[in-house]
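One structure is given below, encoded as structure tokens.
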2 protein chains.
Amino acid sequence: MSKQTKKHLGGCPVAYGTDIFGDRWTLLVIRDMILHGKKRYGVLLDAEEKIATNILADRLKHLEAVGVVNKAQDPENRRSYIYSLTQKGLALTPIILEIVRWSGSHLKMNKSRRELLKRIDTDRNGFIAEIYARENKSPPKLAI
Amino acid sequence: MSKQTKKHLGGCPVAYGTDIFGDRWTLLVIRDMILHGKKRYGVLLDAEEKIATNILADRLKHLEAVGVVNKAQDPENRRSYIYSLTQKGLALTPIILEIVRWSGSHLKMNKSRRELLKRIDTDRNGFIAEIYARENKSPPKLAI
DNA sequence: ACAATAACTTGCAAATTGCAATCTAATAAT
DNA sequence: ATTATTAGATTGCAATTTGCAAGTTATTGT
């Protein structure tokens with residue numbers, strides 16, 4: 001992820017988005033938080049794709065800086081930090097879901113993932129609402 | 001974009017997606033093709049973000065290799081090549097549109113871009129159908 | 001024939017990623 | 001109380017990628 005190129009010019013929304021999550025590792029971190037409810041450094045480190053420690057730390061710091069994630073110390077264990085998705089972060093859910101849908105058309109998936117895709121197709125808004133509820137955030141207004 | 005890390009493990013759809021478009025430049029190229037109908041190397045090179053020639057060539061080659069883009073020589077000018085989105089490529093449209101929507105909530109945009117956002121919100125499927133029609137491809141089945 | 005163009009390719013410096021070791025503060029175990 | 005372990009990084013450095021600008025080749029325009 002290029003810090004040098006992290007400047008969107010001319011106000012293009014896609015360029016703005018790519019400045020924030022237009023790299024593989026950031027997208028995967030967001031996936032883990034949105035779809036799997038992961039909230040801790042060590043748990044995020046455990047993803048299948050094996051992110052490097054410095055990359056994970058860098059990405060979490062970045063996501064906090066852009067307001068996608070909130071970092072708070074766990075009062076019961078001050079070594080540990082809780083990373084929560086903000087409203088801005090949760091609002092990335094539809095993007096993640098569209099990625100799942102697109103990939104679902106071109107990738108062999110196991111049964112549980114096929115069922116996830118079916119869930120998304122069957123009741124997308126309900127699925128989104130569940131993710132928001134899990135994070136104790138109010139869901140967005142329903143779109144048609 | 002890491003060739004070494006371009007391997008999705010375990011069949012996760014988001015990881016699969018990030019292998020294909022999980023980098024800034026690829027997303028921006030896809031944006032230009034989907035939203036602006038760009039089809040030629042020189043035109044894609046002219047984007048606001050100023051992609052480097054080697055990066056553009058690399059990304060187009062990659063997109064062709066993964067079946068998102070088709071490359072054909074222009075019969076009227078054999079120096080020039082036409083890069084067309086395949087069905088697989090066009091199916092990325094909902095992702096691009098969700099990125100536009102998300103960014104629209106967090107970015108000041110000029111009038112034309114605000115109108116684009118309003119278009120997407122008002123008649124998303126119609127907008128998608130227009131893009132498919134522009135590319136002479138049959139649109140996907142309507143989702144609820 | 002020569003100039004201009006389209007699409008790259010190349011050389012190389014700067015930046016980023018990836019791996020593994022290391023560090024510090026806090027908690028757990030003894 | 002002391003030692004061991006843990007959580008979350010940070011660091012050193014090699015490998016890879018990006019970015020810039022010059023260069024190349026085939027094709028078209030003059």
Side-chain angles (χ1 to χ4, degrees), chain A residues 1-9 15 18-30 32-33 38-66 69-84, chain B residues 1-9 15 18-30 32-33 38-66 69-84:
Chain A
M1 183 174 73
S2 172
K3 287 169 184 166
Q4 188 163 321
T5 59
K6 287 184 51 184
K7 52 190 173 186
H8 53 283
L9 307 171
T18 58
D19 282 348
I20 291 180
F21 52 75
D23 78 280
R24 177 166 178 255
W25 289 118
T26 307
L27 275 170
L28 292 180
V29 169
I30 290 168
D32 282 345
M33 295 184 78
K38 294 185 178 181
K39 287 175 170 291
R40 290 171 195 265
Y41 181 89
V43 176
L44 289 160
L45 207 53
D46 261 353
E48 282 176 354
E49 296 81 17
K50 307 293 181 196
I51 188 172
T53 57
N54 55 331
I55 302 299
L56 177 57
D58 178 71
R59 295 297 188 282
L60 286 172
K61 182 174 293 186
H62 160 71
L63 287 173
E64 188 186 3
V66 295
V69 158
N70 182 54
K71 176 184 179 183
Q73 202 174 29
D74 183 351
E76 298 176 10
N77 181 351
R78 281 170 299 155
R79 290 174 300 183
S80 196
Y81 292 84
I82 314 261
Y83 294 92
S84 313
Chain B
M1 183 176 71
S2 173
K3 287 169 185 167
Q4 188 161 320
T5 60
K6 287 184 51 184
K7 51 189 173 184
H8 54 281
L9 305 172
T18 59
D19 281 348
I20 290 179
F21 52 75
D23 79 281
R24 176 165 179 256
W25 289 118
T26 307
L27 276 169
L28 293 180
V29 169
I30 289 169
D32 282 346
M33 296 185 78
K38 295 185 178 182
K39 285 175 172 294
R40 291 172 195 264
Y41 181 87
V43 176
L44 289 159
L45 206 53
D46 262 353
E48 282 175 355
E49 295 83 13
K50 306 292 179 199
I51 187 172
T53 56
N54 55 331
I55 301 299
L56 177 57
D58 178 70
R59 295 299 189 280
L60 286 172
K61 182 175 295 185
H62 160 72
L63 287 174
E64 189 187 2
V66 295
V69 157
N70 181 53
K71 177 185 181 184
Q73 200 174 30
D74 182 352
E76 297 176 10
N77 181 350
R78 281 171 299 158
R79 291 174 301 184
S80 195
Y81 291 84
I82 314 260
Y83 294 92
S84 313

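Every chain is numbered from 1, with letters handed out A, B, ... down the list of sequences. Predicted model only: the values in this text are computed from it and were never measured.
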(request) Considering non-hydrogen atoms only, spot the tightest contact between B:I20 and B:T26 and give its length. (result) O-CG2, 3.6 Å
How long is the line joining [atom1] of [X] and [atom2] of [N], in whole Å?
X: A:D46; N: D:dG8; atom1: CG; atom2: P; answer: 11 Å
X: A:E49; N: C:dG18; atom1: CD; atom2: P; answer: 11 Å
X: A:R78; N: C:dA28; atom1: CZ; atom2: P; answer: 11 Å
X: B:D58; N: D:dT16; atom1: CG; atom2: C1'; answer: 12 Å
X: A:I51; N: D:dA7; atom1: CD1; atom2: C1'; answer: 16 Å
X: A:E64; N: D:dG8; atom1: CD; atom2: C1'; answer: 13 Å
X: A:R59; N: D:dG8; atom1: CZ; atom2: P; answer: 18 Å
X: B:D74; N: D:dA26; atom1: CG; atom2: P; answer: 19 Å

(request) Inspect the contact between A:D46 and A:K38 and indicate whether a charged nitrogen and a carboxylate oxygen are less than 4.0 angstrom apart. (result) no
(request) Please determine if a side-chain N or O atom of A:W25 lies less than 4.0 Å away from the OP1 or OP2 oxygen of C:dT16. (result) no
(request) For residues A:I51 and A:L44, determine if any side-chain heavy atom of one lies less than 4.5 Å from a side-chain heavy atom of the other. (result)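 A side-chain contact under 4.5 Å is absent here.
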(request) For residues B:L63 and B:I30, determine if any side-chain heavy atom of one lies less than 4.5 Å from a side-chain heavy atom of the other. (result) yes
(message) If the condition is salt bridge (Lys or Arg N to Asp or Glu O under 4.0 Å), which residues does A:R79 pass it with, not counting sequence neighbours?
(response)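 Result, salt bridge (Lys or Arg N to Asp or Glu O under 4.0 Å) vs A:R79: none returned.
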(request) Sugar-phosphate atoms are those with a prime plus P, OP1 and OP2; base atoms are the rest. Using that split, label each nucleotide of nucleotides 4-12 of chain C B, S or - for protein heavy atoms under 4.0 Å, 5' to 3'. (result) BBSSBBB--
(message) Using only atom types and a distance under 3.5 Å, with no angle test, would you say the side chain of B:Y41 pairs donor to acceptor with the backbone of B:Y83?
(response) no
